[in-house]
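The block underneath contains the structure these notes are about, expressed in structure tokens.
The model shown is predicted, which means the values in this text are computed figures rather than measured ones. Just so you know, these numbers use all the heavy atoms, side chains as well, and skip hydrogens, waters and symmetry mates.
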Amino acid sequence: MSNSTGTEVLPVPLARIEDFVETSIVLKKDKNGLGLGIVGGSNTFFETVCVSELDPGGAASRDGRLQLGDILLEVNDVSLRTCTQLQAARALRQASSPVKLRVLRENPEVLFVTDEDPCRFVTIVLKKTIVTESLGLSLMGS
């Protein structure tokens, strides 16, 4: 692309979401909304609202900046910090387009991975009441 003087004009890149930095991004809703799913909320162990799903072809997925696990702090300047999952989902659905999201990315590999040798071990016993019951946890490996 070039301007009226014939010099090339480089496109301005979209704001990247960096680890451990609150970032604002703007997404335009399509007929299916933003195309993202959330988990968590103030009334859960997470205590935050996190992106759990990105619909392929959805507005958020096409934009390319959001990732699974990103924390949603605000939608259109409305704080999600004290919202339950239900309240956050309602705020996202009702937000007018374009939607401004305040996002925080906490890279779990940076938070939970170390080169140090373990100095202490802990044994934890989990009991399920029904064999098909979930333990309610996720394991991360690399």
Side-chain angles (χ1 to χ4, degrees), residues 1-118 120-122 124-142:
M1 181 167 65
S2 48
N3 63 17
S4 59
T5 63
T7 48
E8 187 177 355
V9 177
L10 299 175
V12 177
L14 296 173
R16 264 186 50 234
I17 299 174
E18 297 182 35
D19 293 347
F20 311 112
V21 177
E22 288 187 18
T23 306
S24 291
I25 65 170
V26 177
L27 300 174
K28 187 174 179 182
K29 283 184 173 181
D30 62 21
K31 62 181 167 119
N32 298 318
L34 292 172
L36 61 87
I38 59 170
V39 294
S42 61
N43 60 336
T44 68
F45 176 76
F46 292 121
E47 295 181 354
T48 58
V49 176
C50 299
V51 176
S52 63
E53 201 176 323
L54 291 169
D55 296 336
S61 180
R62 283 193 317 272
D63 176 80
R65 290 178 284 178
L66 281 180
Q67 293 179 5
L68 300 181
D70 283 348
I71 299 169
L72 301 180
L73 302 171
E74 293 178 0
V75 56
N76 286 353
D77 298 320
V78 174
S79 176
L80 300 180
R81 295 171 198 256
T82 59
C83 287
T84 64
Q85 180 182 359
L86 186 63
Q87 291 167 329
R90 186 178 310 119
L92 286 164
R93 266 193 315 276
Q94 292 176 349
S96 59
S97 187
V99 179
K100 178 180 160 193
L101 297 174
R102 188 106 176 123
V103 180
L104 178 64
R105 178 169 296 152
E106 293 181 346
N107 185 335
E109 287 191 25
V110 174
L111 287 174
F112 301 116
V113 177
T114 181
D115 293 332
E116 295 177 18
D117 289 330
R120 184 176 66 172
F121 293 92
V122 177
I124 299 173
V125 177
L126 301 173
K127 295 182 180 182
K128 300 190 312 183
T129 56
I130 304 170
V131 174
T132 56
E133 184 180 32
S134 169
L135 290 175
L137 58 92
S138 297
L139 301 177
M140 181 177 75
S142 58

Give a yes or no answer on whether the side chain of [X] reaches the backbone of [Y] with a donor-acceptor pair at less than 3.5 Å.
X: Thr84; Y: Gly41; answer: no
X: Ser42; Y: Thr82; answer: yes
X: Lys128; Y: Glu133; answer: yes
X: Asn76; Y: Ser96; answer: yes

Can you measure from [atom1] ([X]) to [atom2] ([Y]) and round to the nearest 0.5 angstrom?
X: Ile124; Y: Leu126; atom1: CD1; atom2: CG; value: 6.5 Å
X: Arg62; Y: Asp55; atom1: CZ; atom2: CG; value: 10.5 Å
X: Leu101; Y: Ile71; atom1: CG; atom2: CD1; value: 13.5 Å

For [X] and [Y], which heavy atoms make the closest approach, and how far apart are they?
X: Ser24; Y: Arg102; value: OG-NH1, 2.9 Å
X: Gly57; Y: Asp30; value: O-OD2, 4.4 Å
X: Ala88; Y: Cys83; value: N-CB, 4.0 Å
X: Lys29; Y: Ser97; value: N-OG, 2.9 Å
X: Gly33; Y: Ala59; value: O-CB, 3.8 Å
X: Leu80; Y: Ala91; value: CD2-CB, 4.1 Å

Those residues at least two apart in sequence (or on a different chain) that pass side-chain contact (heavy atoms from CB on, under 4.5 Å) with Val131 are none
side-chain hydrogen bond (donor to acceptor under 3.5 Å, both in side chains) partners of Glu47, counting only residues at least two apart = none
Lys100: what forms a side-chain hydrogen bond (donor to acceptor under 3.5 Å, both in side chains) with it, not counting sequence neighbours?
-> Asp77
Does the side chain of [X] reach to within under 4.5 Å of the side chain of [Y], using non-hydrogen atoms?
X: Leu73; Y: Arg81; result: yes
X: Leu66; Y: Leu34; result: no
X: Leu92; Y: Leu72; result: yes

In this structure, which one of Leu104, Leu36, Val103 forms a side-chain contact (heavy atoms from CB on, under 4.5 Å) with Asp70?
-> Val103
For Arg105, which of Gln67, Arg65, Glu22 qualifies under side-chain contact (heavy atoms from CB on, under 4.5 Å)?
-> Gln67
